[in-house]
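Here's the structure we're looking at; comments come further down.
Each ligand, and each atom within it, is numbered from 1 in the order the structure gives. Along the sequence shown, residues are numbered consecutively beginning with 1. Quantities reported herein were computed from a predicted structural model and do not represent experimental measurements.
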Amino acid sequence: MIRLFEAINLTDRNSFHVRQSAERLVEFDTAADVAAIFEQWKPARWMVLSGGNNILFTRDYEGLLLTPVSQQIQLLEEQDDEVVVRADAGVEWDDLVAWAVERDLWGLENLSLIPGKVGAAPVQNIGAYGAEAKDAIRAIHWVDTAEGCRVRVMAVEEAQFGYRESIFKHALKGRAIITAVDFALHRTPQPRIGYGDVEREVMARGGVSLHNIREAICAIRRFKLPDTAVLGNAGSFFKNPVVERAVAEALLAEWPEMPHYATADPERVKLAAGWLIDRAGLKGYRRGAVGVHERQALVLVNHGGATGEEVIALADYVIEQVQARFGIRIEPEVNIL
Ligand code: EPU
């Protein structure tokens, strides 16, 4: 089904809660709906607006926004240990995680409570606590707007997944509309509790179980990350920078306690942007309606009534300060429009 909104206020459709509007927004369920929308409006400018959790509007959107709202989750097949599940793009991500945990299916629990919808998960390959969406994704169903809205299926190997990266941010940007995602989950326990405080929080809940891992992750997130319903934000505003090994070593000589993580490339090391911003003295920094979150410096927040421009000005200041202090240029992770 298609639902059209014109001159729509987007304040409640972006997690930063900036007050911008769009010329037209259409909610859709299926790939056939997408084809009908393109047939009817032939939009010159369009974009998918899913949960609006990773986006910062700095102006009104002059074009057509497409929002998936279909919410089905289906168990497709089960073979030995593996269970394939299909979730529509409009399913709330955490509803899918809860659904899997309730059915004793392993694979998504570390990604508990990430805000957003299923259709957005492959785009930036959402990740947290030692897991990434790509570890569980098997295939992506999408509509190819460059080929007459043909329905296509992409295997995980074709998605060019990387740290907060996929083909949907590059070659297929402005072309693909994701309608559903297939996940391969497991009956056999596959606990991943090595990241940060996860093990301690899991043990405090009585030991390793699917339920306890989910609860531990939810507790850590609730403590560190602001609830978008209360304080507008888009999660991590910046990506963690990946630098040459020599650069990391030089910084470690000065700050031995600096968090750093190996990457697939032995010559490159990932640093924690949150730590860099924090050590640049900006955690909890506030400027008018915008600020750096007081418990996780990687998150910029709207204390109320902020414009996108104010958030950008703060982000630029944070980038400059980190550059001045550490010589590293951090980059936004959020989509800026
Ligand atoms: N740190 C500080 N001060 C801060 C923030 C972090 O010193 O203000 C230190 C922490 O103590 C830790 C390190 O930096 O040693 C990393 O911090 P954390 O574990 O909180 O993770 P992160 O690298 O800041 C990433 C993701 C988060 C995800 C967490 C947990 C990115 C851009 N962000 O943050 O994802 O929840 O790991 O896995 O990769 C998101 O993308 O919106 C998001 C919240």
Side-chain angles (χ1 to χ4, degrees), residues 14-16 50-56 93-94 97 108-117 120-135 161-166 169 192-202 213-214 216-228 231-243 248 251-252 255-263 269-286 291-301 315 318-319 321-322 325-326 328 330-335:
N14 76 94
S15 63
F16 252 119
S50 188
N53 291 280
N54 200 43
I55 197 160
L56 177 63
W93 175 263
D94 195 55
V97 179
L108 300 178
E109 58 286 352
N110 287 42
L111 306 178
S112 287
L113 220 59
I114 293 184
K117 293 186 183 180
V123 177
Q124 55 149 341
N125 181 25
I126 57 171
Y129 306 101
E132 288 183 316
K134 75 167 173 58
D135 308 336
F161 283 128
Y163 166 62
R164 295 294 197 272
E165 286 292 355
S166 78
K169 282 176 119 177
R192 287 165 293 182
I193 57 171
Y195 187 98
D197 301 336
V198 177
E199 181 166 7
R200 203 188 61 216
E201 290 290 329
V202 167
I213 294 175
R214 171 163 169 79
I217 303 260
C218 288
I220 296 169
R221 290 191 74 98
R222 286 201 182 98
F223 179 75
K224 283 201 174 161
L225 297 165
D227 179 354
T228 55
L231 202 57
N233 74 89
S236 302
F237 193 90
F238 302 98
K239 284 198 218 185
N240 283 330
V242 177
V243 302
L251 289 170
L252 280 165
W255 291 279
E257 77 286 9
M258 180 181 75
H260 56 288
Y261 315 92
T263 67
V269 177
K270 186 153 89 174
L271 306 181
W275 186 91
L276 298 169
I277 299 166
D278 189 349
R279 291 306 180 280
L282 293 173
K283 195 172 188 165
Y285 173 79
R286 188 166 169 170
V292 177
H293 188 50
E294 54 188 13
R295 292 205 183 134
Q296 164 50 296
L298 202 46
V299 179
L300 302 186
V301 296
V318 169
I319 292 169
Q321 293 295 305
V322 168
R325 182 85 190 260
F326 300 101
I328 290 176
I330 54 171
E331 287 173 14
E333 192 232 351
V334 167
N335 246 318

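Between atom 31 (C) of ligand 1 and the options Lys283, Glu294, Arg164, the minimum heavy-atom separation is to Arg164. Counting only non-hydrogen atoms, the option in Gly116, Gly274, Ala273, Ala128 that gets closest to atom 4 (C) of ligand 1 is Gly274.
Side-chain contact between Leu282 and Gln321 is present, with heavy atoms from C-beta onward closer than 4.5 Å. Considering only heavy atoms from C-beta on, Leu108 comes within 4.5 Å of Trp93 through its side chain. When side chains are defined from C-beta on, Val123 counts as touching Lys169, because their heavy atoms get closer than 4.5 Å. Inter-residue side-chain proximity for Lys239 and Gln124 is flagged as unmet; no heavy-atom pair is nearer than 4.5 Å. Side chains of Ile330 and Val318 form a contact here, defined as non-hydrogen atoms less than 4.5 Å apart. Within the 4.5 Å cutoff, the side chain of Leu298 has heavy atoms near those of the Asn240 side chain. Using a 4.5 Å heavy-atom threshold, the side chains of Phe161 and Glu132 count as separate. With contacts defined as side-chain heavy-atom distances shorter than 4.5 Å, the pair Leu56/Asn335 does not qualify.
Considering only non-hydrogen protein atoms, atom 23 (O) of ligand 1 sits nearest to Asn240 ND2, 2.8 Å. If you check which protein heavy atom lies closest to atom 34 (O) of ligand 1, you get Leu298 CD2, 3.8 Å. Nearest non-hydrogen protein atom to atom 3 (N) of ligand 1 is Asp278 OD2, 2.7 Å. Closest to atom 44 (C) of ligand 1, if we only count protein heavy atoms, is Ser236 OG, 3.3 Å. Counting only heavy atoms of the protein, atom 7 (O) of ligand 1 lies nearest to Trp275 CD1, 3.2 Å.
Between the Arg214 side chain and the Ser112 main chain, no donor and acceptor come within less than 3.5 Å of each other. His293 places a side-chain N or O within donor-acceptor distance of the main-chain N or O of Lys224, the cut-off being under 3.5 Å.
If you look at Gln296 next to ligand 1, the close heavy atoms, those under 4.0 Å, come from the backbone and the side chain alike. Only the side chain of Tyr195 comes within contact range of ligand 1, with a heavy atom under 4.0 Å; no backbone atom does. If you look at Tyr261 next to ligand 1, the close heavy atoms, those under 4.0 Å, all belong to the side chain. With a 4.0 Å heavy-atom cut-off, ligand 1 is reached by the side chain of Pro259 but not by its N, CA, C or O.
Atom numbering of ligand 1 starts at 1 in the shown order; those under 4.0 Å from a heavy atom of Arg279 are 7 (O). Against a heavy-atom cut-off of under 4.0 Å, Tyr163 is close to the following atoms of ligand 1: 31 (C), 32 (C), 39 (O). Within ligand 1, the atoms closer than 4.0 Å to a non-hydrogen atom of Ala272 are 13 (C), 14 (O), 16 (C), numbered from 1 in the order shown. For ligand 1, the atoms sitting less than 4.0 Å from at least one non-hydrogen atom of Phe238 are 32 (C), numbered in the order shown with element in parentheses. The contact set between ligand 1 and Gly235, taken as ligand atoms under 4.0 Å from a residue heavy atom, comprises 42 (O).
Partner Ile217 forms a side-chain contact (heavy atoms from CB on, under 4.5 Å) with one of Leu111, Asn110, Ile193 and no other, that one being Asn110.
Between Ala297 and ligand 1, at least one pair of N/O atoms sits closer than 3.5 Å. For the pair Lys239 and ligand 1, the shortest N or O to N or O distance does not fall below 3.5 Å. The shortest N/O to N/O separation between Arg295 and ligand 1 does not fall below 3.5 Å.
At least one heavy atom of Arg221 lies less than 4.0 angstrom from ligand 1. Heavy-atom distances between His293 and ligand 1 stay at or above 4.0 Å for every pair.
Among all heavy-atom pairs drawn from Ala280 and Phe326, the shortest one is N-CE1, 4.3 Å. Residues Thr263 and Lys270 come closest through the heavy atom pair CG2-N, 3.8 Å.
Within a 6.0 Å radius of CZ in Phe223, no more than 12 heavy atoms belonging to other residues, nucleotides or ligands are found.
There is no protein heavy atom less than 4.0 angstrom from atom 10 (C) of ligand 1. At a distance under 4.0 Å, a protein heavy atom can be found next to atom 39 (O) of ligand 1.
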